[in-house]
Amino acid sequence: MTEDREIVRGTPVVPGIAYAPVIWPAPRPEVAPGSARIDEASRDAEKVRFEEAAAVVSQRLRDRAASVSGAAAEVLQANAAMAADRGWLGAAQKLIAGGTPAGEAAAEATEQFVTLFTKMGGLMAERVTDLRDIRDRVVSELLGLPEPGIPVPTTPSILCAQDLAPADTAGLDPELIVGLVTVLGGPTSHTAIISRQLGIPCVVAVRDLESVVSGTPVLLDGSVGELVMEPDPVEARAAVEHGRAERLRIQSWEGPGRTSDGHAVSILANVQDGAGARSASGTAAEGVGLFRTELCFLDRDSEPGVDEQAEIYGEVLDAFAGRKVVIRTLDAGSDKPLRFANHAEEANPALGVRGIRIAEQNPGILSRQLDAVAAAAKQTQSQPWVMAPMISTPAEAESFAAEVRARGLVPGVMVEVPAAALLADRLLRHVDFLSIGTNDLAQYTMAADRMSSDLASLTDPWQPAVLALVARTAEAGAAAGKPVGVCGEAAADPLLACVLIGLGVTSLSCAGAAVSGVGAKVGSVTLDDCRRAAEDVLATSDPVEARAAAVRVLGT
């Protein structure tokens, strides 16, 4: 592109080239404060009207969750649960009882929780966008307005937004929304994760985005995080054609995962339910590297029974019959609370009772889940690998491994906490494999909320400190002769995937849409290339320098 073109830059999330006009979401509904009070005789009816509107919104989100899979289904389920949250509903009903109209009560109750979540920080602060989205949907229902959200363009467009609620992102049509750019968000935000699942080029944390007006033709490069205003049409179309040809080349990759000189690396898929697994089985994925089981627990008033869980797990095992499937036990808490689990109010939920820690306060949840996994394994005649999230000590690993082995399953743990990476050799005395969750590992290593756009550079998976912990973990695996995989979003970045291989990682698990891109890139370089790139990356001081060092060895 010519140098005089205006360019805005952000954090690259999903690679790809798009050229199209910009659209922005329509304004959200407004509630005028200080509207007329409700007379006492009408307040019970107003409460009912509010409850019915919230129930309609919650059910719509559940229905939408049932029509999608993977990360999109999880976040929609979580938002449906938020619309039915007793605390939020109760706060609004209390206001209505005092004479506040339903719409105004919904807005005031929301701001109460926005203030609370913001003070709590961490992953709870991430829910502010979600909560305000629920408010807008309920208010629109009360006012008889159309459901708010993203406009449906008549021609392919690039969607720009301050931020996007999961309900909006999950419903995007990749044929019409060909690119996605936001002011807020980080590389592991809901928007980024769902965009990656959908295969839509995406850039987040673009601070100057408000200067881009609707209708402006732009060229989006999701690989480098650039948005070029009013590019030369001929050059822009040539860039799109080049990107399309590259995409077709990538899509033709059929596996198995190996470098150009024959070093084997398993390329696996992340899934969250049977539908997602069946979709992923149509890709070149060699198995499942992360089966997120919490979807069947969210939005439930009671724990699903062993038989119900076994049926859900069996669908995934059937979809990848005869192939590797790694099941992660319940990863809830923090921003994914369980209604039926015992938990106290926490000042900092991201550092509180989540993942494996839930089992300590709720005896039986883990054992019943493992019973269900064992039953599904028996029914499908398979032997899944099972790993626990948020393991911090060798003692936790030892206890978990004993329960898994008692059921004839293969035990492993996730490395998401720096303590687990630093003591990886001791964890491996008790388990058969490790899987690195780079999203949380970056968050905890850098002491930075992974959903904060202000801190996006800190939670970038290219941070040398994070990659140093990955290297330490992989070295421990090599010394013990046990596999170490990566199942965080870092594995979906083709360039970073090669660096991870150079660090000693033995498998990469990513969204199904990213499998071919990762596999094709890995197949274009040698193991020695990967090792040289990894060595150069570890010698850098920041993520920009780290990425540039990898490009010099591996190309883009």
Exercise. With side chain to side chain contact (heavy atoms under 4.5 Å, CB included) as the test, would you mind laying out the steps for Ile134 and Trp88 before giving the verdict?
Key: CA-CA 11 Å; Ile134 295 299; Trp88 180 71; 4.1 Å; yes
Apply side chain to side chain contact (heavy atoms under 4.5 Å, CB included) to the pair Val551 and Leu495, showing each step before the final yes or no.
CA-CA 8 Å; Val551 168; Leu495 185 65; 3.6 Å; yes
**Q.** Worked verdict on Cys202 versus Val181 for side chain to side chain contact (heavy atoms under 4.5 Å, CB included)
**A.** CA-CA 6 Å; Cys202 179; Val181 192; over 6 Å; no
Does the pair Val138 and Thr110 meet the rule for a side chain to side chain contact (heavy atoms under 4.5 Å, CB included), with working shown?
CA-CA 11 Å; Val138 171; Thr110 297; over 6 Å; no
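Side chains of Val8 and Met229 form a contact here, defined as non-hydrogen atoms less than 4.5 Å apart. You'll find the side chain of Val224 stays beyond 4.5 Å of the side chain of Arg547, heavy atoms only. Within the 4.5 Å cutoff, the side chain of Leu496 has heavy atoms near those of the Pro461 side chain. Put simply, the side chain of Val288 does not reach to within 4.5 Å of the side chain of Leu268, judged on heavy atoms. Between Leu159 and Leu164, some side-chain heavy-atom pair lies under the 4.5 Å cut-off. The closest side-chain heavy-atom distance from Val203 to Leu220 is below 4.5 Å. Taking 4.5 Å as the limit, some side-chain heavy atom of Cys510 sits within range of a side-chain heavy atom of Val515.
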Indicate every side-chain donor-acceptor pair of residues 462-474 with a distance under 3.5 Å to a residue at least two apart or in another chain.
from: Trp462; atom 1: NE1; to: Asp493; atom 2: OD2; distance (Å): 3.1
from: Gln463; atom 1: NE2; to: Ser457; atom 2: O; distance (Å): 2.8
from: Arg472; atom 1: NE; to: Leu422; atom 2: O; distance (Å): 3.3
from: Arg472; atom 1: NH2; to: Leu422; atom 2: O; distance (Å): 3.3
from: Thr473; atom 1: OG1; to: Leu469; atom 2: O; distance (Å): 2.9

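Rounding to the nearest 0.5 Å gives a distance of 5.0 Å between CG of Asp130 and CE of Met82. The CD atom of Glu241 sits 12.0 Å away from atom CD1 of Ile17, with the distance rounded to the nearest 0.5 Å. The CD1 atom of Ile23 lies 4.5 Å from the OG atom of Ser157; values are rounded to the nearest 0.5 Å. Rounding to the nearest 0.5 Å gives a distance of 12.5 Å between CD1 of Ile200 and CZ of Arg196. Here the CG atom belonging to Asn79 is positioned 14.5 Å from the CZ atom belonging to Arg60, to the nearest 0.5 angstrom. Note that the CZ atom of Arg9 and the CG atom of Leu227 stand 10.5 Å from one another [nearest 0.5 Å].
Heavy-atom contacts from other residues, nucleotides or ligands closer than 6.0 Å to CD of Glu535 number 12 or fewer.
Ala80 and Ser58 get closest at one heavy-atom pair: O-OG, 2.9 Å.
For the 3.5 Å distance criterion, the side chains of Gln59 and Asp63 qualify, holding a donor opposite an acceptor. No side-chain donor-acceptor contact under 3.5 Å links Asp163 and Thr182.
By the ring-ring contact (aromatic ring centres under 6.0 Å, His included) test, Tyr19 is found to be paired with no residue, residues two or more places apart in sequence or in another chain being considered.
Taking the charged nitrogens against the carboxylate oxygens, Arg132 and Asp136 have no contact shorter than 4.0 Å, which rules out a salt bridge.
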